[in-house]
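Have a look at the structure below before the remarks.
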2 protein chains.
Amino acid sequence: MTHQALIKHINQFLFQPMRAEEEKAVADRFIRKAYRKRQYVLQAGDLSSRNTFVVEGCFRVFVADPNGKEHNLQFAVENGWIVDMGSLYKEEPSEMNIEALEDSTVLQIERKGLYELYDGFPVFNRYFRILAENAYIASQKRLIRSLGFTAEARYLDFIARYPHLLNRISDAKIASFLGMTPEFLSKLRRNFNK
Amino acid sequence: MTHQALIKHINQFLFQPMRAEEEKAVADRFIRKAYRKRQYVLQAGDLSSRNTFVVEGCFRVFVADPNGKEHNLQFAVENGWIVDMGSLYKEEPSEMNIEALEDSTVLQIERKGLYELYDGFPVFNRYFRILAENAYIASQKRLIRSLGFTAEARYLDFIARYPHLLNRISDAKIASFLGMTPEFLSKLRRNFNK
DNA sequence: AAATAACCTTAACCCAGGTTAAGATCCTGC
DNA sequence: GCAGGATCTTAACCTGGGTTAAGGTTATTT
């Protein structure tokens, strides 16, 4: 069945299987959708009205700063979620862009459907609580590294933490994620080889 | 009653009043505690076993980077929460320090009590979901500013966003929160006066 | 298989913000 | 009420990482 990956992911985070009616509530509200490489899931300025679970493929979330320079905030692969949570919940225009980096398949739920899950089935408040807590913990760790680590330390940390992304995502995009230019990343790598 | 501020805060985020038994569950598990100015709620390396709600006073959350330099991650005043969520939930030694900046009063709950709330009363999964989502949204906004904004833009943004903190927290601590040195903040402020 | 676009590297030069140090002002506890 | 600590400012000098520009390599697309 088409929603298996998501249901499995939810069960893992809950440490117990959902009941049949809860599984059905998921299956009724999440819609499968395909994106081609370079296609946008969300553009800055638009309203984000959906939450998106990655079944297969790879995405990046990025913002443009006041000079128009891009900064990658997050990459998501299989079993990850991509959303501008601020835009989704506060119903404000998105600051973020979300772009497919590969041909990809996702499951999407509308804001309305998400609220139906929260109101009808307590289990989803628990699941998304845990998810938001993990996202917050990860975001704080990133902030700590961006405040106190040198460019070199951030790069080494990235290699150790996300080895599976190294061959899947271009260096320029990783450099942007790490808060440095591709030129500087190239200089760093050259120094390691000596 | 001593838990009123917290109960009111929860009700606000739920958009509806809790039932009596839920209020009681809160009152039974949160313990009032006082901290003196400069006293630590949590030290890096210790295990964080509690979540803390600020009834009155002011705190900072900070980390030390590899060179021993401090970085303020968050300030919390009345109705704010302070916690190293990573340490609390993953039961790992804390990276963070939490220090009272004024004589303060808080309400604290032990990890065990918190899990009892989650398991016994769905409403708390909803409340803490919303809280975690808001924290994540705020943390992402901070990251965006730290990646793409100049020191001056970050300072102006801070003034606009947290005017009430300006007279309550020292410039050096604000500078650290904004990712710059107090000397540089001083230089910025001098330029504005011309 | 050529054309085009995306990607990576190198190198010279540059700058926002850090560092160091010294003096001035404001607490705060005893 | 004053001594020792925080706190804020100024100024000279320094550096990690950015900018610009050019050439080389590797994927896509047709």
Side-chain angles (χ1 to χ4, degrees), chain A residues 35-40 57-58 60 62 64-72 75 99-104 145-159 165-194, chain B residues 36-40 58 60 62 64-72 75 99-104 145-159 165-194:
Chain A
Y35 286 96
R36 303 298 306 276
K37 182 172 178 167
R38 285 194 195 88
Q39 198 178 345
Y40 276 58
C58 182
R60 69 177 178 128
F62 68 99
D65 73 18
N67 303 317
K69 207 165 305 165
E70 289 183 4
H71 300 273
N72 291 329
F75 300 115
E99 182 195 9
L101 299 179
E102 304 171 358
D103 292 347
S104 303
R145 278 175 240 125
S146 93
L147 289 173
F149 284 27
T150 62
E152 175 174 337
R154 275 176 273 141
Y155 178 58
L156 291 174
D157 182 75
F158 184 90
I159 292 176
L165 294 183
L166 283 176
N167 305 314
R168 204 164 167 183
I169 294 174
S170 77
D171 285 347
K173 290 193 175 70
I174 290 174
S176 161
F177 177 82
L178 294 174
M180 68 186 82
T181 59
E183 292 87 349
F184 193 75
L185 177 56
S186 181
K187 196 193 282 187
L188 277 182
R189 217 197 278 81
R190 189 187 340 150
N191 292 338
F192 294 144
N193 295 338
K194 290 198 299 215
Chain B
R36 304 298 306 276
K37 181 170 179 170
R38 286 194 194 86
Q39 199 179 344
Y40 276 57
C58 181
R60 70 178 177 124
F62 68 98
D65 72 18
N67 301 317
K69 208 165 305 165
E70 290 182 3
H71 300 272
N72 292 328
F75 300 116
E99 183 195 8
L101 299 179
E102 305 171 358
D103 293 346
S104 304
R145 279 175 239 126
S146 93
L147 289 174
F149 284 26
T150 61
E152 175 173 339
R154 274 176 272 139
Y155 179 57
L156 292 173
D157 182 75
F158 184 89
I159 292 176
L165 294 183
L166 283 176
N167 305 314
R168 205 164 167 183
I169 293 173
S170 76
D171 286 347
K173 291 194 175 70
I174 291 173
S176 161
F177 178 83
L178 294 174
M180 69 186 80
T181 60
E183 293 86 349
F184 193 75
L185 177 56
S186 182
K187 195 193 283 187
L188 277 182
R189 216 195 281 82
R190 190 184 344 150
N191 292 339
F192 292 144
N193 294 338
K194 290 196 300 216

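Just so it is clear: chains get the letters A, B, ... in the order the sequence lines come, proteins before strands, and each one is counted from 1.
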Net bend of the helix from C:dT9-D:dA22 to C:dC30-D:dG1, end axes of five pairs each, nearest 10 degrees: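 Inter-axis angle at the termini of the helix from C:dT9-D:dA22 to C:dC30-D:dG1: 50°.
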Rounded to the Å, how far apart are [X] [atom1] and [N] [atom2]?
X      : N      : atom1 : atom2 : answer
A:Y155 : C:dC8  : OH    : P     : 11 Å
B:R189 : D:dT7  : CZ    : P     : 14 Å
B:L101 : D:dT7  : CG    : C1'   : 14 Å
A:E99  : C:dA6  : CD    : P     : 11 Å
A:M180 : C:dA16 : CE    : P     : 21 Å
A:I174 : C:dC7  : CD1   : P     : 12 Å
A:N167 : D:dT26 : CG    : C1'   : 15 Å
A:N191 : C:dA11 : CG    : P     : 12 Å

Most 5' of B:E183 and A:L185 on DNA chain C, judged by nearest nucleotide: A:L185
Which residue lies more 5' along DNA chain C, comparing B:R38 with B:K69 via nearest heavy atoms: B:K69
Given D:dG18, C:dT9, C:dG17, the nucleotide with the shortest approach to the side chain of A:F184: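 My answer, after comparing the listed nucleotides, is D:dG18.
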Residue A:D171, side-chain atoms from C-beta onward, closest of C:dT9, D:dC8, C:dG17: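 The closest nucleotide is C:dT9.
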Can you give me the closest heavy-atom contact between [X] and [Y], atom names plus distance?
X      : Y      : answer
A:I169 : A:L101 : CG1-CD1, 4.4 Å
A:H71  : A:S176 : CA-OG, 3.4 Å
A:D171 : A:L185 : O-CD2, 3.5 Å
A:F158 : A:L178 : CB-CD2, 3.8 Å

For [N], does OP1 or OP2 lie under 4.0 Å from any side-chain N or O of [X]?
X      : N      : answer
B:T181 : C:dG18 : yes
A:K37  : D:dT28 : yes
A:K173 : C:dC7  : yes
A:R190 : C:dT9  : no

Under-4.0 Å salt bridge between A:D103 and A:R36: yes
B:K173 bridged to B:E99 by N-O distance under 4.0 Å: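 Result for this pair is no, no salt bridge flagged.
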Sugar-phosphate only, base, or nothing, as touched by A:S186 at under 4.0 Å among non-hydrogen atoms: base
Residue pairs, two or more places apart or on separate chains, that pass side-chain hydrogen bond (donor to acceptor under 3.5 Å, both in side chains) and touch residues 178-188 of chain B: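 Sorted pair list comes back empty.
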